[in-house]
Amino acid sequence: MYRLTAEQKNRVRALLGEMTLDEKIGQMNQESVSIVGGFDVPFEELIEMMTDGRITQEEFEKIMSTAQQDYHEDDIRAGLVGSLMVQDPRKCNELQKIAVEESRLGIPLMFGLDVIHGYRTVYPIAIAEAGAFDPDLFTRTARMAAKESRTQGVNWHFAPMLDVARDARWGRVSEGPGEDPYLVSQFAKTKIKGLQGDMSSTENYVAACLKHYVAYGACESGRDYNTVSMAPSMLHNSYLPPFKAAVEAGAATVMASFNDLNGVPCTVNPYTLRHILKESWKFPGFVVSDANAIRECVNHGIAATEPDAGTQAANAGMDVDMGTQIYKKHLKAAVESGEVPMSVIDEAAERILSVKMWLGLFDRPYVPEEAMDRYEVLPEEHRALAREAAEKAIVLLKNEGDILPLKKSQKISLVGQLAASREEIIGAWAMSWRESDCVSIKEGLERAGAELKYFPCCGPETEINRDDVEAACQYGDVIVAVVGETDAMSGEAASRADITLPGRQRELLGKLLASGKPVVACLMNGRPLALKWEAEHVPAILECWHLGVEMGPAVANVLLGGKNPEGRLASSFPAVTGMCPIYYNHMNTGRPGGRSKFTSRFMDAGFEPLYPFGYGLSYTSFTYSDLTVEDAGDELRAAVRVTNTGGREGVETVQLYMQDVTASIVRPVKELRGFTKVKLAPGETKSVTLTLKKADMGFYNDAGEYVTESGLFRIHAGGSSRDCLTAEVTVNF
Ligand code: GLC
């Protein structure tokens, strides 16, 4: 929890009183370690030159190898830098020493980095981890990342990413916890607890950074950085809740998003930054822009010049400028001209100094030498945690004829370039991992003693090797095809207009199926895919995502039956791309989608997702019965009986949804309001009770007011957003 003691507050105020205007603005300036050196074009231009072929990749790399990195030492010495993006502990200490021992006031630096799903020990991407529906796990993985990174000098994570996302064409679906505000909110709270909660030592916690504030996931058509327009009620009901939950959990920083929101870029948006975040929610930490975002306000067309963008951003409540130097170059003049009140600068500087004080940087600014190499070799307990997360994130989508789990006696033809890849299992936004720490699916199966032969056949971006295919169809009793996306096909600037399996992989599956042998498709992807054809033709489909360093052992354990898959989908899968955006918590409309023509549906695709939010199969089966809902004063208590009707133990994720049937604005057909996991032996039945506070049954109206309205509610309980028992209850608030 980010909170200062009275003594810490006094130290901050005393320091603030000694600072010059330049030094205060210096705290608001975050430098990226820009690439300079032996060439006379800016780094961005160099990228363009390589992209459009004016220079070759080799020439680019040669130039880069001669470039020096600029760590802005002189500016640090002059007190003009507040934070940097650096991840080498010795370099961090070197720069910190300049700040602490050579600048006038000795204010320490913060070092930030995108630690989204692990630092050295990389665990599943968020869209996968969220599917574990395991809040305790979310905390433990974050705590591991905080400990690993803090010993490397990184004391600020640009995480968790909390963008509710409903359009899988957007590449950054991979970085976030999915489409549901409630699940994303649980993810948010638990990640803050993990990153910031263990203050027993400054080596155990970091400042979190809630991003991207706000509604970035609603970018039109799923095209990254695109415009966002929505009703205030939609903003408050679907996109703000995870940020509110995380602020209440004590988050220390927030990152504003690139997108414009209802005409005003979030970088310069006083409604979201000041009115909601700082005034209404009383957020005590500081706000940082996204990379280069202040400069991009000129492109947006909200600012005529860079100085104008800087003035608008500061006045809107943007405390730190990431990487443009606009604050450093222009904010002093804006203050002296009166365009930016001194109070804005004082507030920003105080917020920034307060987080540094809370991080313990004024007292313990350096990384202890003995801590630096603590994770050179990944500790076994870290690997075990990464593997636990990986196993819990895997979702069984289809298992016709119980092809899975595989039998030990079966010879396996393992197919697909992704099956032998170590780097692709990491997924988007992992910064400090080592290929030598990664275990591919092929290695995982071999370690598990599977009898297999490996046939590359093809990957997401290559042609099909027909000899490989022929040999694969000959050898195995069963064919396991690992297909999907490279890690570069999701994440930032990775929107795809067609989210079917890329390349020739669907054709590959067809050729393998023609062998008449059972085929299992293991998906390695960073977003929901449009799997209409695969769902119709492939008998077994396992969603394996990008699971991090322990992906191989985790997938092998599920394939071979050592682990009964328990993952559920945190995002709906469309049958075809054209159904996007698609999500379970949709409005009913006046003509709810059905079979008849004049209803809200696609003539060529219907309206139901292929696989809905919350869905996932098991190697056993579960049934639900006897749902009752008791009005217990300030809460409802929903009880339901769950039975394991299959032949092996399994873990079921019992989900609780509600619907406000009639209200002053239309409300979603379902809204997740609770979940719990229950382990059941074959034949065992348990009664599961989930509570729903009546205070959580309301919604925000277009004025941004939270209201609860008496009337009829439907309460649903089941194993997915589609398969539920339903009870009706009238609630009077
Ligand atoms: C990127 C991303 C943001 C990240 C930042 C710093 O553009 O949008 O998520 O934290 O820059 O790398």
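Starting from 1, each residue takes its place in the sequence as its number. In each ligand, atom 1 is the first atom listed, and ligand 1 is the first ligand listed. Hydrogens, waters and symmetry mates play no part in the numbers below; they use all other heavy atoms, side chains included.
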Chemist: Which of the atoms in ligand 1, numbered in the order shown and given with their element, are less than 4.0 Å from a heavy-atom of Phe158?
Modeler: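 Atoms satisfying the 4.0 Å criterion: 10 (O).
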
Chemist: So which heavy atom on Gly491 is nearest to which on Ser174, and how close?
Modeler: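 So the minimum-distance heavy-atom pair works out to N-OG, 3.5 Å.
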
Chemist: Specify the protein heavy atom at minimum distance from atom 1 (C) of ligand 1: its residue, its atom name, and the distance to 0.1 Å.
Modeler: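 For atom 1 (C) of ligand 1, the nearest protein heavy atom comes out as Glu492 OE1, 3.2 Å.
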
Chemist: Can you confirm, on distance only, whether ligand 1 has an N/O atom lying under 3.5 Å from any N/O atom belonging to His212?
Modeler: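 Yes, since at least one N or O of His212 sits under 3.5 Å from an N or O of ligand 1.
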
Chemist: Would you say Thr486 and Glu424 are linked by a side-chain donor-acceptor pair, where the criterion is simply a distance under 3.5 Å?
Modeler: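 There is no such pair (donor and acceptor under 3.5 Å, judged by atom type) between the side chains of Glu424 and Thr486.
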
Chemist: So, are Asp114 and Lys211 salt-bridged, with charged N and O less than 4.0 Å apart?
Modeler: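 Salt bridge between Asp114 and Lys211, a charged N being under 4.0 Å from a carboxylate O: yes.
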
Chemist: So, the side chain of Asn525 versus the backbone of Glu485: is there a donor-acceptor pair under 3.5 Å, distance only?
Modeler: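 Such a contact is absent between Asn525 side chain and Glu485 backbone.
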
Chemist: With a 4.0 Å cut-off on heavy atoms, is Arg172 touching ligand 1?
Modeler: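 Arg172: in contact with ligand 1 (<4.0 Å).
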
Chemist: Can you find a side-chain donor-acceptor pair between Tyr225 and Glu492 that sits under 3.5 Å?
Modeler: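 Yes, a side-chain donor-acceptor pair sits under 3.5 Å.
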
Chemist: Do you know the tightest heavy-atom contact between Glu423 and Asp487?
Modeler: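 That would be O-OD2, 3.6 Å.
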
Chemist: With atoms numbered from 1 as shown, which atoms in ligand 1 lie under 4.0 angstrom from a non-hydrogen atom of Lys211?
Modeler: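 Selected atoms, number and element: 3 (C), 4 (C), 9 (O), 10 (O).
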
Chemist: Of all the heavy atoms in Met161, does at least one lie under 4.0 Å from an atom in ligand 1?
Modeler: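 No, Met161 has no heavy atoms under 4.0 Å from ligand 1.
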
Chemist: Which of the atoms in ligand 1, numbered in the order shown and given with their element, are less than 4.0 Å from a heavy-atom of Phe258?
Modeler: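 In order of numbering, the contacting atoms are 7 (O), 8 (O).
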
Chemist: For ligand 1, which atoms, with element, lie under 4.0 Å from some heavy atom of Asp290?
Modeler: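 Answer for ligand 1: 1 (C), 2 (C), 3 (C), 4 (C), 5 (C), 7 (O), 8 (O), 11 (O).
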
Chemist: Can you tell which of Glu94, Lys91, Gln152 makes a side chain to side chain contact (heavy atoms under 4.5 Å, CB included) with Val86?
Modeler: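 Of Glu94, Lys91, Gln152, side chain to side chain contact (heavy atoms under 4.5 Å, CB included) with Val86 is met by Lys91 alone.
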
Chemist: Run down the list Asp114, Val115, Ile116, Leu113 and name the one with the heavy atom closest to atom 4 (C) of ligand 1.
Modeler: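 The nearest heavy atom belongs to Asp114.
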
